[in-house]
**Student:** 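Got a structure for you, written out below as structure tokens; questions coming shortly.
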Amino acid sequence: MTATASRYLYLTRHGEASEDESRLVDNGRRQAVLLGKRLREAPLTAIHHGPLARAEQTAQLVCEQLDGVPLLPSELAGDYIPYLPQREELPSESADAMLGHLAQFPAEEREKGPDLARAALAQFTGPLATDEPRHELVVTHNFLIGWLVRAALDAPKWRWMGINHANAALTVIRYAPGRPPSVLFYNDMGHLPADLRWTGFPPDLHI
């Protein structure tokens, strides 16, 4: 019989970026360093990160706080639309606004995203055919975190929308053999001081 073990998927959104999103700002670098310090006690075996500069820079700063954890670039951890809903899937009162929001994104993100999202589920989720549990961090973007959280909760595919994640906050999902996925915690900012929390959120969602 093939051995199976639990997977612990750590998810974070990149640190706060410049207005053109080409690099981390000072606050974003501080957020990444503090996240790395928080993860020093976690038995991480790999840090996957998306190809965009803000994700790569965040992953590098996290990695510098750890001991020998490899950095692995991955297109699957990139910034893209994971699923394009049909109007009939959406709540009638918000369908126009939600579809209008998606229409603002480049066609390439909308067309390539669903295939990447399916591949990300296959790559990053589910129990493992190994003897030992695995702990991995994915440094990515808001949309992919929403997609993976909604999948863990078995929510409708369109429900990745509206699941927001702050910069350098931490989410952990456990995939255990024979059990449904467990979201152990979500959007946790306990490692960040008050002035570095809630970046990436509109002001009306700050709590």
Side-chain angles (χ1 to χ4, degrees), residues 7-17 21 28 31-32 35 38 48-50 52 54-55 58-59 74-106 109-110 112-126 136-175 180-192 196-207:
R7 181 202 304 263
Y8 293 82
L9 180 64
Y10 297 63
L11 297 166
T12 192
R13 184 181 178 188
H14 59 82
E16 185 177 4
E21 300 186 325
Q31 289 168 332
L35 175 60
R38 175 176 180 171
H48 305 270
H49 65 82
L52 297 179
R54 58 193 186 275
T58 300
S74 173
E75 183 183 16
L76 303 182
D79 193 12
Y80 50 81
I81 303 295
Y83 179 76
L84 288 169
Q86 300 296 312
R87 179 178 296 276
E88 57 269 20
E89 296 177 74
L90 300 172
S92 58
E93 66 274 12
S94 55
D96 287 342
M98 296 171 82
L99 292 173
H101 176 68
L102 292 177
Q104 299 174 25
F105 289 87
E109 284 187 32
R110 290 184 278 117
K112 293 178 61 178
D115 285 340
L116 291 170
R118 284 188 290 270
L121 281 175
Q123 174 74 19
F124 297 130
T125 74
E136 296 177 298
L137 171 66
V138 178
V139 181
T140 183
H141 304 267
N142 195 47
F143 290 171
L144 182 61
I145 295 174
W147 173 250
L148 296 172
V149 169
R150 79 90 216 150
L153 297 176
D154 201 25
K157 290 182 177 180
W158 67 267
R159 199 60 184 86
W160 67 269
M161 301 182 73
I163 300 178
N164 297 306
H165 208 270
N167 296 122
L170 187 63
T171 288
V172 178
I173 304 173
R174 177 177 182 253
Y175 303 91
S182 298
V183 179
L184 301 183
F185 49 91
Y186 170 76
N187 202 38
D188 190 307
M189 291 175 271
H191 50 287
L192 301 175
L196 295 182
R197 297 180 182 180
W198 298 109
T199 63
F201 271 60
D204 60 316
L205 294 183
H206 292 202
I207 295 175

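Position 1 is the first residue of the sequence, and the numbers go up from there.
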**Student:** Treating Arg54 as the side-chain partner and His14 as the backbone partner, does any N or O pair qualify as donor plus acceptor under 3.5 Å?
**Tutor:** no
**Student:** List the atom of Trp147, the atom of Lys157, and the distance in Å for their closest heavy-atom pair.
**Tutor:** CZ3-O, 3.7 Å
**Student:** Is there a donor-acceptor contact under 3.5 Å from the side chain of Trp158 to the main chain of Pro85?
**Tutor:** no
**Student:** Ignoring hydrogens and geometry, is there a side-chain-to-backbone donor-acceptor pair from Glu109 to Pro106 under 3.5 Å?
**Tutor:** no
**Student:** Say you draw a straight line from CG of Leu148 to OG1 of Thr171; how long is it, rounded to the nearest 0.5 Å?
**Tutor:** 10.0 Å
**Student:** Take Leu9 and Val138 through the side-chain contact (heavy atoms from CB on, under 4.5 Å) test and state the conclusion after the steps.
**Tutor:** CA-CA 7 Å; Leu9 180 64; Val138 178; 3.7 Å; yes
**Student:** Taking the side chain as every heavy atom from C-beta outward, state whether Phe201 and Asn187 have any atom pair closer than 4.5 Å.
**Tutor:** yes
**Student:** What's the verdict on side-chain contact (heavy atoms from CB on, under 4.5 Å) for Glu21 and Leu52, showing C-alpha distance, side-chain angles and the deciding distance?
**Tutor:** CA-CA 9 Å; Glu21 300 186 325; Leu52 297 179; over 6 Å; no
**Student:** Kindly compute the distance separating CG (Leu192) from CG (Leu35), expressed to the nearest 0.5 Å.
**Tutor:** 7.5 Å
**Student:** Within the distance-only criterion (no hydrogens, no angle test), does the side chain of His191 pair as donor or acceptor with the backbone N or O of Ala168 below 3.5 angstrom?
**Tutor:** yes
**Student:** Is Glu75 atom CD crowded by more than 12 heavy atoms from other residues, nucleotides or ligands, each under 6.0 Å away?
**Tutor:** no
**Student:** Which heavy-atom pair separates Arg150 from Leu121 by the least distance, and what is that distance?
**Tutor:** NH2-CD1, 4.3 Å
**Student:** At their closest point, which heavy atom of Pro82 faces which heavy atom of Ala117, and how far apart are they?
**Tutor:** O-CB, 3.4 Å
**Student:** So, do His165 and Tyr186 have ring centers that fall under 6.0 Å from each other?
**Tutor:** yes
**Student:** Between Trp198 (side chain) and Ile207 (backbone), is there a donor-acceptor pair under 3.5 Å?
**Tutor:** yes
**Student:** Roughly how far, to the nearest 0.5 Å, is CG of Asp96 from NE2 of His101?
**Tutor:** 14.5 Å
**Student:** First locate atom CE of Met98, then atom CG of Leu102, and finally report the distance between them rounded to the nearest 0.5 Å.
**Tutor:** 7.5 Å
**Student:** Counting distance only, does the side-chain N/O of Thr12 pair as donor-acceptor with the main-chain N or O of Ala169 below 3.5 Å?
**Tutor:** yes
**Student:** Would you compute the distance between atom CD of Gln123 and atom CG of Leu76 and round it to the nearest 0.5 angstrom?
**Tutor:** 6.0 Å
**Student:** Before you tell me yes or no, could you show the steps for Ile163 and Ile145 under side-chain contact (heavy atoms from CB on, under 4.5 Å), namely the whole-Å CA-CA distance, both residues' side-chain angles and the distance that decides it to 0.1 Å?
**Tutor:** CA-CA 8 Å; Ile163 300 178; Ile145 295 174; 5.7 Å; no
**Student:** Could you tell me which non-hydrogen atom of Gln86 sits nearest to which non-hydrogen atom of Glu89, and how far apart they are?
**Tutor:** N-OE2, 2.7 Å
**Student:** Considering non-hydrogen atoms only, spot the tightest contact between Ala77 and Leu144 and give its length.
**Tutor:** CA-CD2, 3.8 Å
**Student:** Go through the steps for Tyr80 and Phe143 under the test side-chain contact (heavy atoms from CB on, under 4.5 Å), then give the verdict.
**Tutor:** CA-CA 7 Å; Tyr80 50 81; Phe143 290 171; over 6 Å; no
**Student:** Working to the nearest 0.5 Å, report the span between CD of Gln31 and CD of Glu16.
**Tutor:** 6.0 Å
**Student:** Whether the side chain of Arg13 engages the backbone of Gly200 through a donor-acceptor N/O pair (distance < 3.5 Å, no angle test) should be reported.
**Tutor:** yes
**Student:** Ignoring hydrogens, what is the shortest heavy-atom contact between Arg7 and Phe124? Give both atom names and the distance.
**Tutor:** CD-O, 3.0 Å
**Student:** Kindly say whether Tyr83 contributes a backbone atom to a donor-acceptor pair with the side chain of Trp160 at under 3.5 angstrom?
**Tutor:** yes
**Student:** Can any side-chain N or O of Arg110 pair as donor or acceptor with the backbone N or O of Ile81 at less than 3.5 Å?
**Tutor:** no
**Student:** Judged by atom type as modelled, is there a donor-acceptor pair below 3.5 Å linking the side chain of Thr58 to the main-chain atoms of Gly15?
**Tutor:** yes
